[in-house]
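Along the sequence shown, residues carry numbers from 1. Order of listing sets the numbers, starting from 1, for every ligand and every atom in it.
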Amino acid sequence: MKVSGHTRICGIIGDPIEHSISPVMQNAAFQALGLDYCYLPFRVESSALEQAIQGLRAMHFTGINVTLPHKVAVLTFLDEIDTMAENLGAVNTIVNDEGCLKGYNTDAAGFYQALTAEGVNPNGKNVTILGAGGAARAVSFMLVDKGARLTILNRDEGRARKLADSLMRLLRREVAVYSLQKKILKKILNDTEILVNTTSVGMMPQSGVSPLPDGLIKKGQVVFDIIYNPLKTQLLAEAEAEGAKTIGGLEMLVHQGAAAFELWTGCKAPLEAMRKAALEAMRLV
Ligand code: ATR
């Protein structure tokens, strides 16, 4: 990478930030297209968030990604917020348009792109989401927006109910809600066409466990696990063994990065270069 006086600056803010794969993935994308851009990690503590955002304007950054713990708090400091990001109450990408900072949420878009890139259209399908946290919110808003018939299952049923209420209030769509229990799972999974795991069950270092009991996944279903470490979770391994179509979390990571890249550069993202760089970075983390 050659940095000059013309180089445009992007980056990512979060705390901690050391394990982020985005710098490797975004710089590989700039390089693949020969763009004079550079992407850097910045550890920003919560108490310094406002100053960091003001700094983007002051130093004419092209844009940044925002990760934990700032995705919600950052909204207060922006000039404009995209509708999806507003509904989600979370921003993961900022574009600096001559000092006007606009917030987007490419997690939701990345999930949808990863799904459709595999030829899966959720419109009119029975989709079941496991989990009701921040990731489930992004996934569920996108799925409802795209016409899926949604069921949300969560260990804490009250939290799933709150998410469903929010979908009703903002998108005027009814979704079914249950607690994540074995006897309910069997019935729901039987009618499920697309299953999405947004819980942290199966994530490193607890990679040998699945959020579902054995024997509930069938051939013909689509199983999307948004966990990317490990690349093939226990849930995906079981789904694959049953002959279901599987999609891993790395695809969502790559597609959310690609959507941010396209917002900053206006160029079509080089997905293959980004995927390769993300995979290489993961071997190092
Ligand atoms: P994120 O922002 O990544 O979605 P989160 O908000 O902490 O993270 O949400 C984590 C999700 O994983 C929640 O749905 C959580 O269930 P609860 O709301 O009941 O806590 C789910 N989760 C975490 N550990 C779990 C476990 N051992 N069994 C079932 N669900 C679990």
*Ligand-residue contact atoms, ligand 1 with Gly131, heavy atoms, under 4.0 Å*: 14 (O)
*Which bit of Asn154 is near ligand 1, meaning a heavy atom under 4.0 Å away: side chain, backbone, both or neither?*
side chain
*Is it the side chain, the backbone, both or neither of Val201 that has a heavy atom closer than 4.0 Å to ligand 1?*
side chain
_Check: Asn105 side chain, Met84 main-chain N or O, donor-acceptor pair, under 3.5 Å_ = no
*Does any N or O atom in Ala132 lie less than 3.5 angstrom from one in ligand 1, N or O only?*
yes
*Any Lys/Arg nitrogen of Glu280 or Arg283 sitting under 4.0 Å from an Asp/Glu carboxylate oxygen of the other?*
no
*List the closest protein heavy-atom neighbour of atom 19 (O) of ligand 1: residue, atom name, distance to the nearest 0.1 Å.*
Asp156 N, 2.9 Å
*Counting N and O atoms only, with roles assigned by atom type, does the side chain of Asn27 sit under 3.5 Å from a partner on the main chain of Pro23, one being a donor and the other an acceptor?*
yes
_Ignoring hydrogens and geometry beyond distance, is a side-chain donor-acceptor pair present between Asp107 and Asn92 at under 3.5 Å?_
yes
*If you measure only the distance, is there a donor-acceptor pair under 3.5 Å linking the side chains of Asn121 and Lys146?*
no
*Can you check whether Met204's main-chain N or O pairs, donor with acceptor, with Asn229's side chain at less than 3.5 Å?*
no
*asked:* Counting non-hydrogen protein atoms only, what is the nearest one to atom 9 (O) of ligand 1? Give residue, atom name and distance.
replied: Gly133 CA, 3.6 Å
*Nearest to atom 8 (O) of ligand 1 by heavy atom, Ala160, Ser200, Gly134: which?*
Gly134
*Indicate whether any N or O donor in one side chain lies under 3.5 Å from an N or O acceptor in the other, for Asn126 and Thr192.*
no
*Just heavy atoms, cut-off under 4.0 Å: does Ala135 contact ligand 1 by side chain, backbone, both, or neither?*
both
_I'd like to know whether Glu45 forms a side-chain hydrogen bond (donor to acceptor under 3.5 Å, both in side chains) with Ser47, so could you lay out the CA-CA distance, the side-chain angles of the two residues, the decisive distance to 0.1 Å, and finally the verdict._
CA-CA 5 Å; Glu45 284 150 12; Ser47 57; 4.5 Å; no
_Quick test: of every protein heavy atom, which one is nearest to atom 11 (C) of ligand 1, and how far off is it to 0.1 Å?_
Thr199 CA, 4.0 Å
*So between Arg159, Arg155, Lys162, Met203, whose heavy atom ends up nearest atom 13 (C) of ligand 1?*
Arg159
*Within less than 4.0 angstrom of ligand 1, does Pro211 place any heavy atom?*
no
